[in-house]
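Worksheet for the structure shown next.
In what follows, chains are A, B, ... by sequence order, proteins preceding strands, each numbered from 1.
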2 protein chains.
Amino acid sequence: MRELFHPSIEQLSLSALLNALGDPIRLQIIKNLAISGETTCACCNIDLTKSALSHHFKVLRESGLINVRIDGKQRFLSIRYDDLKERFPGLLEAVIHNL
Amino acid sequence: MRELFHPSIEQLSLSALLNALGDPIRLQIIKNLAISGETTCACCNIDLTKSALSHHFKVLRESGLINVRIDGKQRFLSIRYDDLKERFPGLLEAVIHNL
DNA sequence: TAAATAGTTCAATACTATTTGAACTATCGA
DNA sequence: TCGATAGTTCAAATAGTATTGAACTATTTA
């Protein structure tokens, strides 16, 4: 695996984003990323197997909420603030503000 | 059935709200309510059986997104703007603005 | 009181999501 | 190159959600 799929700004869907956010574990991941900035998958402090975490990262990535940057043997996760702000202004700000 | 359960402001949960919103049909219902104001269940213009619609109304009501007021043989649905604004300021505004 | 109206509930089915552990890929360091 | 590290993918199990039609409740109107 070299490149990971990330939806373009035009491909973002409101219901897919809300659906991805509507899970307590994924919301916790977003909260951690909002606090810590870019981090690796392992830095999420969530008590789940790594394959279950990988599943949630995939849902977040494919919905457009996060960017996954591959660097060596690690993947760095970050919230796609600018893209989300452009497509759905105010939405992510409101969610994060209410975490 | 005389009284319907509606969660109090303190009982509202962000992930339950986002989960309720993260479904295209329920988002369409919210859109219709945002445009039309209070309406009956039958006024949703959604091509689903009435039992399926009833299910979605229940999810929206139990998550705290809508209020259901019984009046005679009809139920009038409306968005709980004020309660949501108090508990999660900016959230619903952002969603509705991006519908 | 009988029929119509508005919606809920139930049981069954189908579909979708979550979780786990094992096997896998890719990269880095010794 | 060997082993460790970081994470993905797969198959299988489980759990949860959505949909339908039929039966039901409550209310209104004739």
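Taking atom CG of Leu27(A) as the reference point, atom P of dT18(C) lies 13 Å away to the nearest angstrom. Protein atom CZ of Arg75(A) is 9 Å distant from nucleotide atom C1' of dT25(C), rounded to whole Å. Spacing between atom CZ of Phe76(B) and atom P of dT8(C) amounts to 13 Å, rounded to whole angstrom units. Between the P atom of dT25(C) and the CG atom of Leu4(A) lies a distance of 17 Å, rounded to the nearest Å. Following rounding to the nearest Å, Ile70(B) (CD1) and dG7(C) (C1') show an atom-to-atom distance of 10 Å. We find that NE2 of His56(B) is positioned 15 Å from P of dT9(C), with the value rounded to whole Å. The CD atom of Gln74(B) sits 21 Å away from the P atom of dT25(D) (whole-angstrom rounding). Going from atom CD of Glu62(A) over to atom P of dT16(C) covers 15 Å, rounded to whole Å.
Across all strands, Ile25(B) comes closer than 4.0 Å only to sugar-phosphate atoms, never to a base (heavy-atom distances). Residue contacts for Ala52(A): at a heavy-atom cut-off of 4.0 Å it reaches a base atom on one of the strands shown. Among the atoms of the strands shown, none is found under 4.0 Å from any heavy atom of Leu53(A).
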Distance-only criterion, 3.5 Å: show the donor-acceptor pairs between side-chain atoms of residues 14-26 of chain A and protein atoms not counting sequence neighbours.
from, atom 1, to, atom 2, distance (Å)
Asp23(A), OD1, Ile25(A), N, 2.9
Asp23(A), OD1, Arg26(A), N, 3.1
Arg26(A), NE, Ala20(A), O, 2.8
Arg26(A), NH1, His56(A), ND1, 3.1

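Contact annotation: side chain of Thr49(A) to base of dG21(C), donor-acceptor pair absent below 3.5 Å. For Lys73(A) and dG7(D), a side-chain-to-base donor-acceptor distance below 3.5 Å is absent, hydrogens and geometry of angles not being considered.
Checking Lys50(B) against Val59(B), the closest nucleotide of DNA chain D that is more toward the 5' end is the one next to Val59(B). For Asp71(A) and Ser51(A), each mapped to the nucleotide of DNA chain C holding its nearest heavy atom, the one lying further toward the 5' end belongs to Ser51(A).
Between Leu33(A) atom CG and Phe76(A) atom CZ the span is 12.5 Å, to the nearest 0.5 Å.
None of Leu99(B), Asn32(B), Ile96(B) except one satisfies the side-chain contact (heavy atoms from CB on, under 4.5 Å) rule with Leu27(B); the exception is Leu99(B). For the pairing with Ile30(B), the side-chain contact (heavy atoms from CB on, under 4.5 Å) check across Ile35(B), Ile79(B), Val95(B) returns one residue only, Ile79(B). Tested against Arg69(B), the residues Glu38(B), His6(B), Gln74(B) include a single side chain to side chain donor-acceptor pair (under 3.5 Å) partner, Glu38(B).
For the pair Leu84(A)/Leu91(A), no side-chain contact is recorded, criterion being any heavy-atom separation below 4.5 Å from C-beta on.
Hydrophobic clustering keeps Leu65(A) apart from Val59(A) (ILVMFWY residues linked when any side-chain heavy atoms are closer than 4.5 Å, directly or through intermediates).
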Between protein and nucleic acid, restricted to nucleotides 13-17 of chain D and to nitrogen or oxygen atoms under 3.5 Å apart, what atom pairs and distances do you find?
none

